[in-house]
Amino acid sequence: MTTNETTENQDILEKLFKIKAKGTTIKTELLAGLTTFVALAYIMFVNPNILADAGIPKEAAIASTIWATALATSLMALWANYPIALAPGMGLNAFFAYYVVGVLHLSWQVALGAVFFSGILFLILTLGGIRQAIIRSVPMNLKCSIGVGIGLFIAFIGLKGAGIIAADKATFVSLGHLLDPKTLLACFGLILTAALMARKIKGSIIMGILATTLLSMICGVSPTPQSLNDIISFNLPSMGETFLQLDIAGAWNYGIFSIIFTFTIVELFDNMGTLIGLTRKANLVNKDGEIENLDKALTTDAVGTLGSALFGTSTVTSYIESAAGIAEGGKTGLTALTVAVLFLISLFFAPLIGLVPGFATAPALILVGALMMSDISQVDFTDFTEGFPAFMTIIMMPLTSSIANGFAFGFISYTFIKFFAGKGKDVSWIMCLVSLAFLINFYMRLQ
């Protein structure tokens, strides 16, 4: 490449991402993108396993996960100019697989239809400015408790997948068979990954997954690659079995309050909290506290949700792991674009991804759940009218295996306890409407 060509490419990148204006360099942005990719790459292993539990063919789940991540992240990079990656959300995929499909016994096609409707609703809320009004109406204690409850739910699923806990007729849940080879390997992965994270080593989660998978192959617990084609292949995984397979009519007929509403609310709070935190880290907030290009970022997320439903995966959302790249100096969309390109390159390694067993990814669920517990320190338990609804939100998610039930118990208890305690002025009319919606939902489900 000649000097003139290099200069022209730099000029193009400067026009697209305003790299110099943001006080960064191309090298810094590329390294930041690599860092975010390493921190986020575990989703290629974890999400397909979760979707497979919902009955989605694993090869198609791998392809849809990678394509949805790459395209949504590219849009965030090129339109919003954010150093933030998007991928199928942890918690949202659990709700998709273990509640909508597992508990409600709906098909994964119907679940994809619900994701599509939630994307439309999310887009309407964003373009109409309603999203910000909803966010402002929900008290901070409930916002924090939602993340904690989802974290416990994810950790519970991970502990079950690792075999560390098991069903019990007398106590509902009990200690699993810890001497089972798969459980022992999962425990090894959990301890190794936790130790790496404690030492603040980047890419700890994917390192733990790969180490556990390798050890399981050495021990003969999981199959080993027999040829180079089992590691890398130019026959890319196909989305053919999931692309445009969503059942829109089935999702609508089942009921908007049951699944579509919950998908929308989970995504609403999860993405807003992530964007606020990451944009502050990347210095994308002005002196008045306004976030640059926020509308574009929110619209990108909504469009990404629509795309994920069409491709055949659960809802995409902004990922907190983007903080790893931001900490390395990433400030522009070039960081996110680097992540997207690396995900596309990963398509060639789909055979290797398919060899990763479920017990190797289970520790990632447990540790992500542990990370999500940090928000509990922000819940005010000294005020019982605040602490009790937060507690109900947190505890009911894992115990009922339902994020929706956790929302419902938290919102409803908050509304009632505030009114009965003489603090009705703390409850907004939007909160009242949300609580009413959940009560109607309970009534409809019990008929």
Side-chain angles (χ1 to χ4, degrees), residues 43-44 46-76 79 85-102 104-127 131 237-271 274 297-319 340 343 403-404:
I43 197 65
M44 292 186 292
V46 178
N47 194 60
N49 278 335
I50 292 177
L51 295 181
D53 288 343
I56 294 180
K58 192 168 183 179
E59 179 184 338
I62 292 172
S64 60
T65 296
I66 293 175
W67 277 109
T69 299
L71 294 181
T73 302
S74 295
L75 185 59
M76 181 69 85
W79 195 35
L86 292 89
M90 298 295 291
L92 291 161
N93 53 10
F95 177 73
F96 180 103
Y98 302 116
Y99 180 70
V100 177
V101 177
L104 299 181
H105 303 296
L106 299 177
S107 69
W108 57 265
Q109 292 90 342
V110 171
L112 288 176
V115 172
F116 182 79
F117 274 120
S118 71
I120 292 177
L121 186 55
F122 202 36
L123 189 58
I124 293 172
L125 292 174
T126 302
L127 296 178
R131 188 177 185 183
S238 171
M239 292 188 293
E241 294 180 277
T242 57
F243 185 64
L244 298 182
Q245 295 302 306
L246 62 164
D247 185 351
I248 296 176
W252 181 262
N253 291 335
Y254 185 80
I256 190 169
F257 290 118
S258 300
I259 47 179
I260 299 171
F261 180 77
T262 303
F263 268 126
T264 304
I265 293 297
V266 174
E267 166 69 352
L268 189 70
F269 293 121
D270 181 79
N271 191 56
T274 301
L298 298 180
T299 304
T300 296
D301 188 75
V303 173
T305 297
L306 292 171
S308 63
L310 298 175
F311 290 164
T313 185
S314 53
T315 311
V316 298
T317 187
S318 300
Y319 255 75
F343 263 93
I403 297 172

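The structure presented is a predicted model; accordingly, all values stated were derived computationally and were not measured.
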Kindly give the heavy-atom pair with the smallest separation between [X] and [Y], and that separation in Å.
X	Y	result
Val316	Ala72	CG2-CB, 4.3 Å
Ala87	Thr69	CB-OG1, 3.5 Å
Ala61	Pro48	CB-CA, 3.9 Å
Ala70	Phe343	CB-CB, 4.4 Å
Leu306	Gly119	CD2-C, 3.7 Å
Asn47	Ser314	OD1-OG, 3.6 Å

Nearest 0.5 angstrom please: [X] [atom1] to [Y] [atom2], how far?
X	Y	atom1	atom2	result
Thr305	Ile120	OG1	CD1	11.0 Å
Asn49	Lys58	CG	NZ	4.0 Å
Leu244	Leu112	CG	CG	10.5 Å
Leu246	Phe117	CG	CZ	9.0 Å
Thr65	Ile56	OG1	CD1	8.5 Å
Trp67	Thr313	CH2	OG1	14.5 Å

Taking the side chain as C-beta and beyond, is there a heavy-atom pair between Thr315 and Phe122 under 4.5 Å?
->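 Not in contact.
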
Looking at side-chain heavy atoms only, is the closest gap between Thr73 and Leu86 below 4.5 Å?
-> yes

For the pair Tyr98 (side chain) and Asn93 (backbone), establish whether a donor and an acceptor sit closer than 3.5 Å, ignoring hydrogens and angles.
->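 Between the backbone of Asn93 and the side chain of Tyr98 there is no qualifying donor-acceptor contact (under 3.5 Å).
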
Just wondering, more than 12 heavy atoms not from Gln109 lying within 6.0 Å of its CD?
-> yes

Where do Phe96 and Leu51 land on the side-chain contact (heavy atoms from CB on, under 4.5 Å) test, with the steps shown first?
-> CA-CA 8 Å; Phe96 180 103; Leu51 295 181; 4.0 Å; yes

